[in-house]
Amino acid sequence: MNTIPSVMKGVQLLGHGGPEMLQYRDDIAVPTPHADEVLIQVLAAGMNNTDINTRIAWYSKAEGDSADASWSGNPLTFPRIQGADVCGVIVAVGKNVNQQRIGERVLIEPCIRQVKGMSLDLPWYFGSECDGGFAEYTVVDAKHAYAINSKLTDAELASFPCSYSTAENMLTRANVTANDRVLISGASGGVGSAAVQLAKARGAYVIAITSPSKNQQLLDLGVDQVIARDADLVDVLGDNSVNVVIDLVAGEQWPQFLSVLKPGGRYAVSGAIGGALVELDIRTLYLKDLSFFGCTVLEPQVFQNLVNCIEQGKVNPIIAKTFSLQDINAAQEVFLQKQYVGKLVLTI
């Protein structure tokens, strides 16, 4: 076994703001695992909207105030190492963890309920309330390091944890089955393309909303129908035409989602890149007996279900491009342009 160094390379977020707040360093102290933790050598780390949102304090509901700009609604402490999507290998364990876990290839569950052996009332997000994977090493409670047996590359595996667990959680909360017609907004993004694959794995009929330039890529994933992002959903699909909406966009189109939902339909949301404030006619909600699901905290079974799907080949990684860790600013610029399908991944 290689000797674990005392310092490592990584990217630190120095505070809320622009790309200049990200600092690449080669002298960051390697973390030491506590009794219930494992030390993981990071091999690849995927990028997500939450990386940008955390940096710019998007989660804060009070403009100009970053005191609640985190997933938990508490102030972040800086410097912070971001990165929620991690594939790596366990290289050391705390005293309460079985030594046989050393050498395991793992994926980290990004929704953290256990920290240093203690259960949290309000879960943390890996790379937000605690340091994440944009570095050579990271620590996490052993409970959240899931062994993975797969022939996929490290970069391919790093494309799964955040996006696919978010998508699987939404489908789980909305109880999607083979009998459902499912409409997915933002279908070409990381979570959207994951939701497409996972909904198809459940046998559902999937309708994807995306830009026309990405139609074929989504059809190749198994989508049954593609709708242009600026189309009128009621004109194309008709009122009361889908059982479930998986929404990652929100924005001005939002009232149309409720129109196309059948009575008794289910709406699940975990993103608002099209605009966080929407117009709701409350009569539509109660007269159609709709169910709404806000999805952030993963249901207990979700991440293991995802690992099982990966190992069984039910989902495929979609890598748009990989970058080296020191090129994180260029990677985030490409990320913000949204001219790709799938995931951007940093190799460590």
Side-chain angles (χ1 to χ4, degrees), residues 46-53 56 58 159 162-164 166-167 170-171 174 176 180-200 204-262 265-281 284 290 292-295 318-321 332-344:
M47 294 186 59
N48 293 287
N49 278 315
T50 189
D51 303 323
I52 311 293
N53 293 342
I56 66 175
W58 184 86
S159 72
C162 184
S163 296
Y164 281 73
T166 298
M170 296 174 78
L171 298 172
V176 171
D180 289 323
R181 286 170 56 89
V182 180
L183 176 65
I184 301 174
S185 69
S188 62
V191 179
S193 56
V196 165
Q197 292 189 67
L198 291 164
K200 291 304 297 181
Y205 183 94
V206 175
I207 306 164
I209 302 173
T210 190
S211 57
S213 64
K214 299 172 183 174
N215 283 5
Q216 190 56 51
Q217 289 150 303
L218 287 168
L219 291 169
D220 291 343
L221 288 181
V223 164
D224 298 286
Q225 184 178 352
V226 181
I227 299 177
R229 195 183 319 174
D230 57 355
D232 187 300
L233 300 178
V234 178
D235 286 347
V236 176
L237 296 174
D239 285 317
N240 306 326
S241 55
V242 301
N243 306 96
V244 178
V245 170
I246 301 296
D247 186 20
L248 306 162
V249 176
E252 293 183 2
Q253 194 180 42
W254 193 84
Q256 297 177 37
F257 293 143
L258 305 196
S259 297
V260 299
L261 276 170
K262 294 180 179 181
R266 293 97 73 196
Y267 167 87
V269 60
S270 70
I273 59 174
L277 300 180
V278 298
E279 183 178 314
L280 168 63
D281 185 333
T284 305
L290 302 178
F292 284 10
F293 300 95
C295 304
I318 309 169
I319 305 295
K321 192 172 182 180
Q332 289 198 352
E333 181 61 33
V334 173
F335 185 91
L336 289 169
Q337 292 170 4
K338 300 294 183 187
Q339 299 299 311
Y340 61 91
V341 173
K343 291 281 289 189
L344 302 181

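Fair warning: this is a prediction, and the values are worked out from it, not measured in the lab. Residue numbers start at 1 and run along the sequence shown.
- Taking both residues in full, the closest heavy atoms of S159 and S163 are given as O-CB, 4.4 Å, listed atom of the first, atom of the second, then distance.
- In terms of heavy-atom proximity, R229 sits nearest to S211 at NH2-CB, 3.2 Å.
- The closest side-chain heavy-atom distance from L261 to V242 is below 4.5 Å.
- How far CE of M170 is from CD1 of I184: 8.5 Å, rounded to the nearest 0.5 Å.
- In K338, the NZ atom is crowded: over 12 heavy atoms of neighbouring residues, nucleotides or ligands sit closer than 6.0 Å.
- Between L221 and I318, some side-chain heavy-atom pair lies under the 4.5 Å cut-off.
- Put simply, the side chain of F292 reaches to within 4.5 Å of the side chain of L258, judged on heavy atoms.
- Between the CD1 atom of I209 and the CD1 atom of I246 there is a distance of 11.5 Å, given to the nearest 0.5 Å.
- Closest approach of Y340 to A320, counting heavy atoms only: CD1-CB, 3.6 Å.
- Looking at heavy atoms from C-beta onward, V260 lies out of side-chain contact with V236 at the 4.5 angstrom threshold.
- A heavy-atom distance below 4.5 Å is found between the side chains of L237 and Q225.
- For the atom pair NZ of K200 and OH of Y205, the computed distance is 8.5 Å after rounding to the nearest 0.5 Å.
- Remark: R181 CZ to K262 NZ distance equals 6.5 Å, nearest 0.5 Å.
- Taking the side chain as every heavy atom from C-beta outward, L183 and L233 approach each other to under 4.5 Å.
- Among all heavy-atom pairs drawn from G190 and S193, the shortest one is O-OG, 3.3 Å.
- Counting heavy atoms of neighbouring residues, nucleotides and ligands inside a 6.0 Å radius, atom CD of Q216 exceeds 12 of them.
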Hey, mind stepping through V182 and N243 against side-chain contact (heavy atoms from CB on, under 4.5 Å) and telling me if it holds?
CA-CA 6 Å; V182 180; N243 306 96; over 6 Å; no
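- Of all non-hydrogen atoms in A187 and L218, the two that sit nearest each other are O-CD2, 3.3 Å.
- Side chain of D224 to backbone of V206: a donor-acceptor contact under 3.5 angstrom is found.
- When the shell of 6.0 Å around CD of Q337 is examined, it contains more than 12 heavy atoms from other residues, nucleotides or ligands.
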Stepwise side-chain contact (heavy atoms from CB on, under 4.5 Å) test for L290 and Y267:
CA-CA 7 Å; L290 302 178; Y267 167 87; over 6 Å; no
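- At least one side-chain heavy atom of N48 sits less than 4.5 Å from a side-chain heavy atom of K343.
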Give the intermediate values and the outcome of side-chain contact (heavy atoms from CB on, under 4.5 Å) for residues V249 and W254.
CA-CA 8 Å; V249 176; W254 193 84; over 6 Å; no
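- Rounding to the nearest 0.5 angstrom, the gap separating the SG atom in C295 from the CG atom in L171 is 9.0 Å.
- Within the 4.5 Å cutoff, the side chain of S270 has heavy atoms near those of the L248 side chain.
- When every heavy atom of D51 is checked against every heavy atom of G46, the shortest pair comes out as OD2-O, 4.2 Å.
- For the atom pair CD (Q256) and OG (S185), the distance works out to 11.5 Å, reported to the nearest 0.5 Å.
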